[in-house]
Student: 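This is the structure I have questions about; it appears just below.
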Amino acid sequence: QLEFITPFQLYFNPDLIFRKFQIWRLITNFLFFGPLGFSFFFNMIFLYRYCRMLEEGSFRGRTADFVFMFLFGGFLMTLFGLFASLFFLGQAFTIMLVYVWSRRNPYIRMNFFGLLNFQAPFLPWVLMGFSLLLGNSIIIDLLGIAVGHIYYFLEDVFPNQPGGKKLLLTPTFLKMVFDTPEEDPNYNPLPEDRPEHQPRDQDQNEQQHPQ
């Protein structure tokens, strides 16, 4: 908005990425949501709301898995972007988060601007219809729904099927970076680090030195 940079320096362009090594475009195309306006704030609100609810809900205590979902979704969207004329994928990423949350909370009742009442799994489709009314292309929304469904199927559905197994395994290095390390069961803390021993020591001192 301050015109320090332009959208032409941010958009997804495979030729510039692989031939001129403008690697930042792999990330910046997810970070641009257009000029300030209704569509921009609409995306910001939904991105914040459903990203937060996922992080505090089904991904509580699983930060590495949460980051891995970001990387998995971004990778699939980037692959699709190589074969389609898509310049910015931020809105598709937002729809992916909404889709995953909606499928994991199927019984929550939603209200859209006081006009529609529906259950959570229909929310991505309602947003796609609303985007269509605003005159936007629904290809981005369909991409977000498709990637969200692939993640949901591989993470929540297929492992619970007969003969199924968990295919999306969070890399160890992500767990080392983002997750709290487990306590070593063989760790023996120093006496001063054992609060449960302090009252006992205090009682012994009182017995040795009665008032």
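The first residue in the sequence is number 1, and the count goes up from there.
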Student: Name every donor-acceptor pair, under 3.5 Å, that has one atom in a side chain of residues 87-96 and the other anywhere in the protein, sequence neighbours excluded.
Tutor:
| residue | atom | partner | partner atom | Å |
| --- | --- | --- | --- | --- |
| Gln91 | NE2 | Asp141 | OD1 | 2.9 |
| Thr94 | OG1 | Gly90 | O | 3.2 |

Student: Let me confirm one number: the CZ-CG distance from Phe46 to Asn43, rounded to the nearest 0.5 Å.
Tutor: 9.0 Å

Student: Is Arg19 atom CZ crowded by more than 12 heavy atoms from other residues, nucleotides or ligands, each under 6.0 Å away?
Tutor: no

Student: If we ignore hydrogens and angles and just use 3.5 Å, is the side chain of Asn105 paired with the main-chain N or O of Ile108 as donor and acceptor?
Tutor: no

Student: Between Arg25 and Phe12, is there a side-chain heavy-atom distance shorter than 4.5 Å?
Tutor: no

Student: Where does the angle between the aromatic ring planes of His149 and Tyr152 fall among parallel (under 30°), tilted (30 to 60°) and perpendicular (over 60°)?
Tutor: tilted

Student: Verify the cluster assignment for Tyr107 and Val157: are they in a single hydrophobic cluster under the rule of side-chain heavy atoms below 4.5 Å apart?
Tutor: no

Student: Is the shortest heavy-atom distance from the side chain of Leu174 to the side chain of Leu71 under 4.5 Å?
Tutor: yes

Student: Distance-only criterion, 3.5 Å: show the donor-acceptor pairs between side-chain atoms of residues 30-40 and protein atoms not counting sequence neighbours.
Tutor:
none

Student: Working to the nearest 0.5 Å, report the span between CZ of Phe80 and CZ of Phe75.
Tutor: 14.5 Å

Student: The test is side chain to side chain contact (heavy atoms under 4.5 Å, CB included); show your working for Tyr11 and Leu16 and say whether it passes.
Tutor: CA-CA 10 Å; Tyr11 77 99; Leu16 295 178; 4.2 Å; yes

Student: Looking at every non-hydrogen atom in both residues, tell me the closest pair between Leu97 and Cys51 and how far apart they are.
Tutor: CD1-CB, 4.0 Å

Student: Work out which heavy atom in Phe4 is nearest to a heavy atom in Gln9; give both atom names and the distance.
Tutor: O-OE1, 4.5 Å

Student: Would you check if the side chain of Asn29 reaches a backbone N or O of Leu26 as a donor-acceptor pair within less than 3.5 Å?
Tutor: yes

Student: Counting heavy atoms not belonging to Phe70, are there more than 12 under 6.0 Å from its CZ?
Tutor: yes

Student: Scan the side chains in residues 110-130 for donor-acceptor partners under 3.5 Å anywhere in the protein, sequence neighbours excluded, and list what turns up.
Tutor:
| residue | atom | partner | partner atom | Å |
| --- | --- | --- | --- | --- |
| Asn111 | OD1 | Gly114 | N | 2.6 |
| Asn111 | ND2 | Asn117 | OD1 | 2.6 |

Student: Below 4.5 Å, heavy atoms only, C-beta onward: do Phe18 and Pro14 meet side chain to side chain?
Tutor: yes

Student: Measuring only between side-chain heavy atoms, which start at C-beta, is Phe59 closer than 4.5 Å to Met69?
Tutor: yes

Student: Nearest 0.5 angstrom please: Met44 CE to Arg49 CZ, how far?
Tutor: 15.5 Å

Student: Would one find more than 12 heavy atoms of other residues, nucleotides or ligands at under 6.0 Å from atom CD1 of Ile139?
Tutor: no

Student: Okay, side chain of Arg60, backbone of Glu56: is any donor-acceptor separation there less than 3.5 Å?
Tutor: yes

Student: If you group Ile, Leu, Val, Met, Phe, Trp and Tyr by side-chain heavy-atom gaps below 4.5 Å, do Leu132 and Ile145 land in one group?
Tutor: yes

Student: Can you name the residues that form a side-chain hydrogen bond (donor to acceptor under 3.5 Å, both in side chains) with Thr63, not counting sequence neighbours?
Tutor: none

Student: To the nearest 0.5 Å, tell me how far Leu86 CG sits from Thr78 OG1.
Tutor: 10.5 Å

Student: List in chain and number order the residues that pass side-chain hydrogen bond (donor to acceptor under 3.5 Å, both in side chains) with Lys166, two or more places apart in sequence or in another chain; answer none if no residue qualifies.
Tutor: Glu155

Student: Give a yes or no on whether Phe41 and Leu133 share a hydrophobic cluster (residues Ile, Leu, Val, Met, Phe, Trp, Tyr; joining criterion: side-chain heavy atoms under 4.5 Å apart).
Tutor: no

Student: Given side chains that start at C-beta, do those of Phe72 and Leu154 come closer than 4.5 Å, heavy atoms only?
Tutor: yes

Student: Is there a continuous path of hydrophobic side-chain contacts, each under 4.5 Å between heavy atoms, that joins Ile150 to Phe83?
Tutor: yes

Student: Once side-chain hydrogen bond (donor to acceptor under 3.5 Å, both in side chains) is applied, do any residues pair with Arg103, and if so which ones, sequence neighbours excluded?
Tutor: Tyr99

Student: According to a hydrophobic-cluster definition based on side-chain heavy atoms being under 4.5 Å apart (Ile, Leu, Val, Met, Phe, Trp, Tyr only), do Phe153 and Leu167 belong together?
Tutor: yes

